Amino acid sequence: MYATEQLRRLLTTALGELGLPWPEKTTIEPPRDKKFGDLATNVAMVAAKSAGTKPRDLAERLRTALLAADGSLSAVDVAGPGFLNVTFAPAFWQRTVLAVAEAGPAYGTGTSGAGTKIQVEFVSANPTGPLHIGHGRGAAVGDSLARVLRAAGFAVETEYYINDAGRQMRILGQSILYRCRELRGLPVDEPEDYYRGDYVKDLARELLEKEGPGLVNLPEDEAVTVCRLYGEQEILAGIKKDLEDFRVHHDVWFPESTLLAAGAVDKTFADLRAKNLAYDKDGAFWFATTTFGDDKDRVLVKSGGELTYFASDIAYHDDKFKRGFDVVVDIWGADHHGYVPRMKACVSALGREPETSLKVILVQLVNLLKGGEQIAMSTRAGKFETLADVVAEVGADAARFMFLSRKSDSHLDFDLDAVKEKSMDNPVYYVQYAHARVCSLWAKAAERGVVPAAATPELLARLDTDEDLELLKLLEQYPDTVATAARTFAPHLVSFYLRELAGRLHRYYTVNPVLGADDPAVTDARLHLLAAVATVVKNGLDLLGVAAPEKM
RNA sequence: GCGCCCGUAGCUCAGUUGGAUAGAGCAUCUGCCUUCUAAGCAGACGGCCGCAGGUUCGAAUCCUGCCGGGCGCACCA
């Protein structure tokens with residue numbers, strides 16, 4: 001039982017004996033200052049009014065009841081305006097070692113999401129070019145969020161939406177064809193709006209080799225189609241490989257074109273029209289998103305007959321809900337934030353409660369720095385602009401940890417030099433080092449023939465120093481951290497937790513000798529404690545998609 | 001002009017959704033390797049939480065108005 005739950009249970013009982021209900025606004029949380037005990041609650045202040053007593057008087061009565069309740073509390077104090085400061089007995093914390101050992105990789109998982117089907121859609125970059133570093137951040141956040149939600153008990157499916165229909169793909173085809181003609185020495189004018197990256201030239205060269213030079217003599221439409229299909233296939237394969245190298249997994253790759261082929265878009269249009277939410281005007285087909293609070297109505301079919309991006313997005317989200325997801329998470333670049341209201345409107349029109357069933361996570365742009373200077377992120381930037389280059393340069397672990405070390409909606413400076421450095425500028429090593437240190441300690445113990453006695457409450461009672469208790473309390477807090485990260489869709493909380501846990505471990509390591517302890521029982525108890533730390537570090541790193549090496 | 005996000009130590013950022021004397025890391029300075037990995041630890045320095053009001057027992061957190069930064073406001077994606 002977690003400390004907060006334990007205390008909540010004890011308080012509920014105590015309040016009940018006084019004939020009081022559990023007040024809605026009660027908080028139970030660790031106080032800022034450790035001298036106030038393990039947990040503090042404002043329950044007496046919140047309940048005082050309805051009880052008709054002064055907060056401090058009520059607090060005193062609760063204090064007496066709590067101390068009488070059971071042996072898990074060693075101290076209860078009334079402080080300030082009526083806070084109850086509670087200290088748990090060491091034995092309560094020591095049990096955490098057993099809980100971690102018993103659960104192993106499952107320690108930290110919970111059931112708060114049980115029974116809820118949730119989809120996380122992320123990256124979903126158009127297959128018109130390689131992923132860049134901004135996509136990398138979205139990839140890390142989405143993948144890690146999926147892991148966190150899974151740990152919280154949600155049934156999670158991850159998905160990549162492939163925008164393989166529409167204008168951008170045609171432009172890709174035209175861009176490749178343009179390069180093909182150029183390579184064949186044909187006189188061509190540079191198109192206005194086309195993809196200029198070197199990868200387009202590479203694709204053109206490969207395609208010419210594969211198809212033969214006759215390609216450039218095909219009728220325009222036919223040639224563009226050949227180029228488009230080839231480009232899409234190759235680029236998508238590259239994207240998949242880049243994500244794989246980044247340890248990012250999508251369960252489903254969902255092509256936009258299948259929606260069109262299945263008539264889903266037409267069906268959605270008909271539904272909207274039937275509900276009086278769509279209309280014709282100025283030769284275009286409009287969706288009345290203002291009905292749901294959007295600034296203006298949005299076009300679904302342009303007067304030229306072409307679909308807007310938004311049109312298939314509605315059909316796509318309709319499809320998501322029809323697949324049975326209770327909650328749909330979209331991870332977007334923050335520059336798309338203006339899109340949120342119309343997407344919420346779209347969800348309303350589909351008959352869903354937008355606040356609960358659509359969660360949009362905005363991921364801020366990444367500033368790529370080298371030697372303290374910003375590297376431009378546009379088309380013709382330096383060689384580090386692609387995700388693949390960055391991962392090759394600094395490694396997937398360091399890159400992922402960096403991406404997950406900030407709230408997703410705050411700007412992130414990604415300093416290539418700092419991320420490569422094996423120092424505190426680069427917290428990933430700090431955390432991994434904690435894991436490696438423990439592993440190496442156990443290896444050293446085995447080398448010396450130390451076989452720790454089984455972890456029993458009696459043995460673990462030897463964990464009684466300040467550092468022991470601090471570490472134990474932090475371990476106990478881990479499941480709560482995971483649950484909060486899931487509830488608030490904030491995987492970065494895990495990385496902050498890990499930094500703190502690693503810090504405690506390093507301090508512990510410096511202050512408390514393990515193999516060198518005077519008493520073999522203390523050595524054994526400490527080995528068990530540190531094994532628990534290693535398990536939690538590893539579990540946490542798993543949620544971030546970062547490796548936990550045994551040696552460094 | 002309208003909308004969204006942000007403003008916390010010199011720098012980069014946390015702050016558990018309203019709690020007690022506001023926290024980390026980096027940088028700077030001072031210590032700690034004959035002993036389990038110094039990729040480490042301890043200590044010092046550093047703050048009008050953008051500004052001004054309001055809400056209440058209590059505000060970095062909530063509401064309003066300014067100031068400053070970013071991003072959006074297409075029959076683009």
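In what follows, chains are A, B, ... by sequence order, proteins preceding strands, each numbered from 1. Since the structure is predicted, the reported quantities are computational estimates derived from the model, not experimental observations.
- Along RNA chain B, the nucleotide nearest Asp413(A) and the nucleotide nearest Ala436(A) are compared for position; the residue whose nucleotide lies closer to the 5' end is Asp413(A).
- Closest to the side chain of Arg487(A), out of G40(B), A42(B), U16(B), is U16(B).
- Checking A39(B), C13(B), G19(B) against the side-chain heavy atoms of Met552(A) singles out A39(B) as nearest.
- Spacing between A14(B) and C5(B) at atom P, rounded to whole Å, works out to 16 Å.
- The existence of a salt bridge linking Lys473(A) and Glu476(A) is excluded, since no basic side-chain nitrogen approaches an acidic carboxylate oxygen closer than 4.0 Å.
- One interatomic measurement links the two molecules: NZ of Lys407(A) to P of U8(B), which rounds to 11 Å at whole-angstrom precision.
- Shown here, U61(B) is classed anti by the O4'-C1'-N9-C4 or O4'-C1'-N1-C2 angle, which is more than 90° from 0.
- Of all nucleotides listed (A42(B), U12(B), U17(B)), U12(B) comes nearest to the side chain of Arg406(A).
- Computed from coordinates, the Met402(A) CE to A14(B) C1' distance equals 14 Å when rounded to whole Å.
- Nucleic acid contact class of Asp282(A) (heavy atoms, under 4.0 Å, all strands): base.
- Across all strands, Phe496(A) comes closer than 4.0 Å only to sugar-phosphate atoms, never to a base (heavy-atom distances).
- Atom OH in Tyr430(A) sits roughly 13 Å away from atom C1' in C26(B) (whole-Å rounding).
- Between Gln6(A) and Phe88(A) the shortest side-chain heavy-atom distance falls below 4.5 Å.
- Rounding to the nearest 0.5 Å places CG of Asp480(A) at 11.0 Å from CG of Leu493(A).
- Across G31(B) and C36(B), the matching C1' atoms stand 23 Å from one another, rounded to whole Å.
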- line: B/S/- along nucleotides 68-74 of chain B (protein heavy atoms under 4.0 Å) is --SBS--
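- Annotation: Phe414(A) is in aromatic contact with Phe403(A) [ring centroid separation under 6.0 Å].
- Both Glu550(A) and Ser408(A) lie close to RNA chain B; mapped to their nearest nucleotides by heavy-atom distance, the more 5′-ward contact belongs to Ser408(A).
- Here the C1' atom of nucleotide C75(B) and the CD atom of Glu306(A) are 10 Å apart, to the nearest Å.
- No engagement by Asp313(A) is indicated, since no non-hydrogen atom pair under 4.0 Å with the nucleic acid exists.
- The base of C75(B) does not come close enough to the side chain of Thr308(A) for any donor and acceptor atom to sit less than 3.5 Å apart.
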- line: Read 5' to 3' with Watson-Crick or G-U pairs under 3.5 Å, [ ] for crossing pairs and | for partners on another strand, RNA chain B gives (((((.(..((((.....[...)))).(((((.......))))).....(((((..]....)))))).)))))....
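- Using modelled atom types, no side-chain atom of His528(A) and backbone atom of Pro452(A) make a donor-acceptor pair closer than 3.5 Å.
- Between the C1' atoms of U12(B) and A77(B), the separation comes to 32 Å (whole Å).
- Judged purely by atom type and a 3.5 angstrom limit, Thr481(A) has no side-chain atom pairing as donor or acceptor with the backbone of Val494(A).
- The salt bridge (charged side-chain N to carboxylate O under 4.0 Å, His left out) test applied to Arg504(A) returns Glu470(A), not counting sequence neighbours.
- A distance-only check finds no donor-acceptor pair linking the side chain of Arg228(A) to the backbone of Arg170(A) [under 3.5 Å].
- Remark: Ala125(A) engages Val123(A), Leu131(A), His135(A), Tyr160(A) in a side chain to side chain contact (heavy atoms under 4.5 Å, CB included) (not counting sequence neighbours).
- G70(B) and U64(B) have their C1' atoms separated by 23 Å, given to the nearest Å.
- Rounded to whole Å, the P atom of G50(B) lies 7 Å from the corresponding atom of G7(B).
- Annotated as anti: C48(B), whose O4'-C1'-N torsion sits more than 90° from 0.
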Strictly under 3.5 Å: I want the nitrogen or oxygen pairs between protein and nucleotides 34-36 of chain B, one per line.
from	atom 1	to	atom 2	distance (Å)
C36(B)	O2	Leu515(A)	N	2.9
C36(B)	N3	Val514(A)	N	3.0
C36(B)	N4	Tyr509(A)	O	2.6
C36(B)	N4	Asn512(A)	O	3.1

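- Taking the side chain as every heavy atom from C-beta outward, Leu469(A) and Leu463(A) never approach each other to under 4.5 Å.
- Thr128(A) and Gln168(A) are not linked by any side-chain donor-acceptor pair at a separation below 3.5 angstrom, with hydrogens and angles left out of the test.
- Atom CG of Asp294(A) is separated from atom C1' of C4(B) by 13 Å (rounded to the nearest Å).
- Screening residues 516-527 of chain A for salt bridge (charged side-chain N to carboxylate O under 4.0 Å, His left out) gives Arg462(A)-Asp519(A) as the qualifying pairs, with residues at least two apart or on separate chains.
- Using a 4.0 Å cut-off between charged nitrogen and carboxylate oxygen, Asp330(A) and Lys320(A) count as a salt-bridge pair.
- You'll find the side chain of Gln364(A) stays beyond 4.5 Å of the side chain of Lys407(A), heavy atoms only.
- Between the CD atom of Glu500(A) and the P atom of G15(B) there is a distance of 13 Å, rounded to whole Å.
- The separation of C62(B) from U30(B), taken at their P atoms, amounts to 42 Å, rounded to a whole angstrom.
- The distance from atom CG of Leu7(A) to atom P of U16(B) is 20 Å, rounded to the nearest whole Å.
- The P atoms of G15(B) and G1(B) are separated by 32 Å, rounded to the nearest whole Å.
- Put simply, OH on Tyr429(A) is 18 Å from P on A38(B), counting in whole angstrom units.
- For the P atoms, the distance from A60(B) to C67(B) is 24 Å, rounded to whole Å.
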